[in-house]
Amino acid sequence: MAEFNFSKIEKKWQKRWNDEETFYVSEDPKKKKFYSLEMFPYPSGSGLHMGHALNYTIGDIIARYKIMQGYNVLHPIGFDALGLPAENAAIKEGTHPQDYTKNSIKNFVIQQKRLGLTYDWGRVVDTSNPDYYRWDQWIFLKMLESGLAYQKESLVNWCPECKTVLANEQVVDGKCWRHEKTSVESKYLKQWFFKLTNYADELLDNLDNMNWPETTKSMQKHWIGKSYGTEIDFEVETQTSKVVVVHGGNAEKDKDYNKHWMPWLKSELAKKNIDSKFPQMPVDSKATYEEWRKIFDKIKIDKNSILVGHSRGAAFLVRWLGETKTKIKKLILVAPCKFARVDYKKTFYDFDINSLVKDSVGEVIIFSSDNDENYILKSVEEYHNTLGGKVLELNGRGHFLIDKFPELLSEILAGEKWPVFTTRPDTIYGVTFVVISPYHRELKRLVTSDHKKEVEGFLKKLKSISEKDLADLEKEGAFTGSYAINPVNGEKVPIYMGNFVIADYGSGMVMAVPAHDKRDYEFAKKYGIPIKIVIDPVDFELNDGNLTEAYTGEGTLINSGRFNGIENEKAKEEITNFLKEQGSGKKSVQFRLKDWGISRQRYWGTPIPVVHCERCGVVPVSYEDLPVKLPKNVSFGEGNPLLTNDKWINVKCPKCDGKAKRETDTMDTFVNSSWYFLRYTDPHNNKEIFDKEKASYWCPPDIYIGGAEHACMHLIYSRYYVKFLRDLGLIRFDEPAVRLFHQGMLHGEGGDKMSKSKGNVVNPLDTISKYGADSLRLFLVSVASPDKDFDWSEKGIQGSFRLIKRIYDFFVKTKPGRTSKELELKMNNSIKYFGERIENFDYRKVTIALRELFEELSKEKEVGKKVLEDFLKLLSPFCPHIAEELWEKLGNSSFISTSKWPEFKEGELNQKAGVNLNSQVINYVLPIMRKLEGRGDKVSKVHLYFLPFEIGDLDKKRFEKELGKEVFIYSVQDNNKYDPQGRAKKAKPGMPGIWFE
RNA sequence: GUGGGUGUGCCGGAGUGGUCAAACGGGACGGACUCAAGAUCCGUUAGCUUAUGCUUUCCUAGGUUCGAAUCCUAGCAUCCACACCA
């Protein structure tokens, strides 16, 4: 017997596939396409692991099956080559990330080729190649143009180990996802973001119609976390350190401008002990902004200041705030001017309203009057459009040259409105305190001097606690000293800082209803805050009229003023409406999903293509200048290596040619992996991101295979990209993959995770050397359904190896002859079964069926050539090398890999069934009847309900003879059948529904 | 806490109302071959028994049904994900 030298066989066929480019494809509109996509790997130095092998095998089997079915199959691979580990290796081993990555990829390719995969090696995508990441930068610029990319100071997760910012998704239990022992810190940094939230609704709504695993969809739903509720404004009294009023003055005659309502206001403020300043500005028409500033800059302004500006003074304040970015509490513009009649426009009004003022000012209020000058009314509109805030129209006041101005005074004295988000507006009468997040940006403004120490002490304590412990921390906080007014009843409630409130969900502040919320209850108990029941706790145990825990159920409102007696669900709506009418609340939708922070302070990523100009600010790099290549010459250590290459950093501004510096943040690598599958369709295009026609021929991928750990991050980002590229008009579909499949986790022998430290890592290459790629492939899909976790088993792979060897031996010794009828039938059924199971990734069952089929086959003394060939074809997707070899041994010169999948013959299955139907039915019905009679039930008539196609084969007389009863036969479809007990619906092939009468 | 899953013989794991004492693989045991081991092949693997029937089994307890591993209800166990989202 010939020796089974699998190693030689596999090398032979891998070489032939490679040399003849068997699996290279191109678009062919005449052919049906199939796109089988596997998640591309991060090329780590340690090479391919078993999880990769499983992932690729799953994709390869369906790809091979589809090829044999005559599809034009795109089955590509690439490398997610940018990322932290390469950089860490650079730091540790003194290599350069680029060299490290290149070597890793080389190594990966060699290993991948030994698995016998049908990859089109002409389409390899490498994200660390500037030819690839220039298109990442291109997309970034498009995002910027569309207003989807923006910069924001924001609270980020900072890993002190990586010296970089982590996405929420990259924080695991408060630890860095790469450094399991390093606690993530919170820190404010200016970051680039993509507006993921713009597509939040579509990301959520599409899920319902997607053929993705339910678990993944539900995880994404939860991740997006849409909740409906009400936003309610609570008036908060914050301290006002100072009121500064800047007068207007636009002509010589207005020299005494600092009169009208200003003296009146000054005395009113003095009465209330509020510090105020009314600086006198130069008012001649030639006076410049700079001259005004000289005077104004002498005044100390802080975050608790209120600035009031009239007319030209208003313009001055807006310009000043835009330039200095000073944070203040409130900005009040009275009849502000922007469009000047006279020619000193250049000296004073030549500025753009900086929209950032909106963020540095707590509240913007504009006073306007209908009978003011037209250019002022136009100005009001202009300011309001950019700064937002509220416009108060007071009719008949002209340009506000009036003696008293009580409306202004009350706005100065009015508390600020701080919104809270709640899903329980029905409980608003039960609010006994308000809680703000310790990380809220405006927290300090609420803390009064007598509570400063307490709050700061608590913040310090909070920092020292790792986030992991934070999760199961007791609810704790501190009183800020400030109070908020409940808009429904005017009650004054204390504002606490609390560790259980998340800064970037809702408004970072919540109304607390201890009687009806678990967290609020705990907090209130701890700090002795009153608990007010506003929903009648039905069937709830009270202790002395007090709750023993929060009542979160349904009920009727009590202690809720005019809303008493209303069911709480209904009250949600009514109270929201009431608040809306009152102007202190509205319906609101909140998402858990946040915008995607893409900034990384790291080297080995895609450079963000913008420069920071001293004069023009942030300026995008122009499209012609892409790619912004990563400089090779940098030094690695702590922090961002890009900061060490001055030559790269210092550039000219594309806009003004002045001095500018490159952005040194690079993009999150999830950016690279969000669209790579589109690039596969046109990987060498240097003119555009990809050819639209090519992309629309192949995409979307028909199946996408990868680990479930990507259910949220990668798969949400990728869905977002597809929607964005669609809206750019580049593609015409909505979701990145028609079907999604998650392979299971492969554990080491004994069930532990494979890890170096446990020493239970099984290397795919070792296994291939020992048992061959065919054995490995077969084992990987036969040990469990590919979407379930399973353990590596040395015995298991030996079992697979044995089967392959037996098949080989059988084919070597068997000479083609005739085929028995039974085998022919079995083969025919197998063809159908294999195909159906493969389509459903039920590979495990196929391998079982394969064993059974081979069992039948090997029992035969002789077998026809057709059946032998068909068997090899069925084997081929799983064990392609041995299939090719034996196929050749049968005298074929072409590849079995590209041969046609055998055809299933429809008739034969039913034919056999028909012959036996009558006796089958009798054997089925008789014992049931006997049993009934044995119990003493009397049976006189037997009604049988058959599937329509069975009716023709039935022998009623034979039934009556063998059953000894009167027999009635019906088709289940027959509307006139006699079926008082509804048994017809129980009918199955060969097993009619039965009713004994 | 929320959402999702799972619970089958020594083990992994099929099985969605009757053909189920339950596929397939592994292990174990017995046999053939061999000086022997390995490989290969055959058989056994709930119990009583050796008939072809009975008894007990598919997490537990109920229920539906002529009939349940399969459907329903409750409970228990276990795994995964998210986790103080207002």
Side-chain angles (χ1 to χ4, degrees), chain A residues 1 168-169 172-174 213-227 229-232 420-425 427 434-435 437 470-476 498-513 516-520 522-523 552 590-594 708-709 711-712 744-745 751 779 782-785 787-791 793-803 805-806 809 842 844-852 855 858 916 920 923-925 927-935 937 939 981 983 986 988 990-992 994-996:
Chain A
M1 194 180 287
N168 276 326
E169 298 89 328
V172 184
D173 273 345
E214 287 305 321
T215 48
T216 305
K217 293 204 285 186
S218 96
M219 277 167 76
Q220 291 205 356
K221 266 183 198 169
H222 185 248
W223 195 268
I224 296 165
K226 188 177 189 176
S227 50
T230 307
E231 193 184 289
I232 303 173
V420 303
F421 174 74
T422 181
T423 52
R424 294 296 305 273
T427 61
V434 165
V435 195
S437 165
L470 207 67
D472 23 60
L473 203 64
E474 212 184 310
K475 277 148 204 59
E476 274 187 294
N499 61 0
F500 61 97
V501 179
I502 297 159
D504 50 5
Y505 181 77
S507 59
M509 189 159 100
V510 299
M511 63 179 223
V513 185
H516 306 290
D517 182 281
K518 215 183 142 208
R519 294 156 304 185
D520 300 346
E522 277 177 48
F523 196 88
T552 54
Q590 286 294 323
F591 288 96
R592 208 188 79 106
L593 186 78
K594 287 158 205 152
E709 67 274 18
C712 278
M745 278 265 282
F779 168 71
S782 68
V783 69
S785 305
D787 60 344
K788 290 202 175 137
D789 292 358
F790 65 100
D791 300 346
S793 151
E794 197 65 19
K795 291 280 180 199
I797 186 147
Q798 284 168 7
S800 297
F801 176 77
R802 273 205 294 272
L803 176 67
K805 188 173 181 315
R806 277 168 61 200
D809 291 344
D842 243 343
R844 182 167 201 276
K845 280 175 215 153
V846 180
T847 64
I848 292 165
L850 183 74
R851 285 175 188 278
E852 283 170 337
E855 206 61 36
S858 59
N916 297 321
Q920 193 188 339
N923 287 335
Y924 173 62
V925 177
I928 298 171
M929 193 178 81
R930 289 270 155 77
K931 192 165 182 181
L932 274 173
E933 288 182 324
R935 293 199 318 199
D937 293 352
V939 177
Q981 299 213 340
R983 301 296 174 91
K986 291 198 164 194
K988 287 206 300 190
M991 293 183 281
I994 318 168
W995 175 44
F996 299 103

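Letters A, B, ... mirror the listed sequences (proteins, then strands); counts begin at 1. Everything numeric in this text was worked out from a predicted model, so none of it was measured.
Remark: the separation of the P atoms in B/rG67 and B/rG7 is 26 Å, to the nearest Å. Comparing the C1' positions of B/rG30 and B/rC66 gives an interatomic distance of 43 Å, to the nearest angstrom. If you take atom C1' in B/rC79 and the same atom in B/rA23, they sit 26 Å apart, rounded to whole Å. Between B/rG38 and B/rC33, the two C1' atoms lie 12 Å apart (nearest whole Å). Going from the P atom of B/rA61 to that of B/rU56 covers 14 Å, rounded to whole Å. Distance noted for atom P between B/rU70 and B/rU65: 16 Å (whole Å). Comparing the C1' positions of B/rC58 and B/rG15 gives a spacing of 10 Å, expressed to the nearest Å. The same atom, C1', is picked in B/rA39 and in B/rA46; the two are 32 Å apart, to the nearest Å.
For B/rA86, the OP1/OP2 oxygens have a side-chain nitrogen or oxygen of A/Ser227 closer than 4.0 Å. At B/rA86, one or more side-chain N or O atoms of A/Tyr505 fall inside 4.0 Å of OP1 or OP2 (strictly under the cut-off).
Nearest approach of A/Val513 to A/Asp520, heavy atoms of both residues: N-OD2, 2.8 Å. Nearest heavy-atom pair, A/Lys475 versus A/Arg519, reported as atom, atom and distance to 0.1 Å: CE-CG, 3.3 Å. Between A/Ile797 and A/Phe779, the shortest heavy-atom distance links the atoms N-CD1, 3.5 Å.
Between A/Glu522 and A/Gly799, the residue anchored nearer the 5' end of RNA chain B, judged by the nucleotide with its closest heavy atom, is A/Gly799. Nucleotides of RNA chain B nearest to A/Lys518 and A/Gly508 differ in position, and the one nearer the 5' end is that of A/Lys518.
Of all nucleotides present, none satisfies the Watson-Crick or G-U wobble test against B/rA51 with each distance under 3.5 Å. Summarising the base pairing, B/rC35 is matched to no nucleotide, lacking a Watson-Crick or G-U wobble pair whose two defining distances lie under 3.5 Å. B/rU2 is paired with B/rA81 under the Watson-Crick or G-U wobble criterion, all donor-acceptor distances under 3.5 Å. Look at B/rC29: its Watson-Crick or wobble partner, with both distances under 3.5 angstrom, is B/rG43. When Watson-Crick and G-U wobble pairs are counted only if both distances are under 3.5 Å, B/rA23 pairs with no nucleotide at all. When both distances must be under 3.5 Å, the Watson-Crick or G-U wobble mate of B/rA14 does not exist. Pairing of B/rC71, defined by two Watson-Crick or G-U wobble distances under 3.5 Å, is identified with B/rG63.
Per the geometry, CH2 belonging to A/Trp995 stands 18 Å off P belonging to B/rG67, to the nearest Å. Between A/Asn499 atom CG and B/rC84 atom P there is a gap of 11 Å when expressed in whole angstrom units. Between the CG atom of A/Asp504 and the C1' atom of B/rA86 there is a distance of 14 Å, given to the nearest Å. Residue A/Lys594 contributes atom NZ, which lies 12 Å from atom C1' of B/rA83 at whole-angstrom precision.
Nucleic acid contact class of A/Val501 (heavy atoms, under 4.0 Å, all strands): base. As judged by a 4.0 angstrom heavy-atom cut-off over every strand, A/Lys845 is placed among residues touching the sugar-phosphate backbone only.
With sequence neighbours excluded, no residue forms a side chain to side chain donor-acceptor pair (under 3.5 Å) with A/Ser437. With sequence neighbours excluded, the residues that form a side chain to side chain donor-acceptor pair (under 3.5 Å) with A/Asp842 are A/Arg837, A/Lys845. For A/Glu794, the side chain to side chain donor-acceptor pair (under 3.5 Å) criterion is met by A/Lys770, A/Tyr771, A/Trp792, not counting sequence neighbours. For A/Gln220, the side chain to side chain donor-acceptor pair (under 3.5 Å) partners at least two apart in sequence or on another chain are A/Arg719.
Counting heavy atoms of neighbouring residues, nucleotides and ligands inside a 6.0 Å radius, atom NZ of A/Lys518 does not exceed 12 of them.
When each of B/rA86, B/rA81, B/rC82 is scored by its nearest atom to the side-chain atoms of A/Met219, the top-ranked nucleotide is B/rA81. For A/Phe421, whose side chain is taken as the heavy atoms from C-beta onward, the closest listed nucleotide among B/rA86, B/rC82, B/rG3 is B/rA86.
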N/O to N/O distances under 3.5 Å, protein versus nucleotides 22-24 of chain B:
unit_1	atom_1	unit_2	atom_2	d
B/rA23	O2'	A/Glu852	OE2	3.2

Please list each protein N or O that sits under 3.5 Å from an N or O in nucleotides 37-42 of chain B, with the distance.
unit_1	atom_1	unit_2	atom_2	d
B/rC41	OP1	A/Arg806	NE	2.7

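Looking at heavy atoms from C-beta onward, A/Asp504 lies in side-chain contact with A/Lys594 at the 4.5 angstrom threshold.
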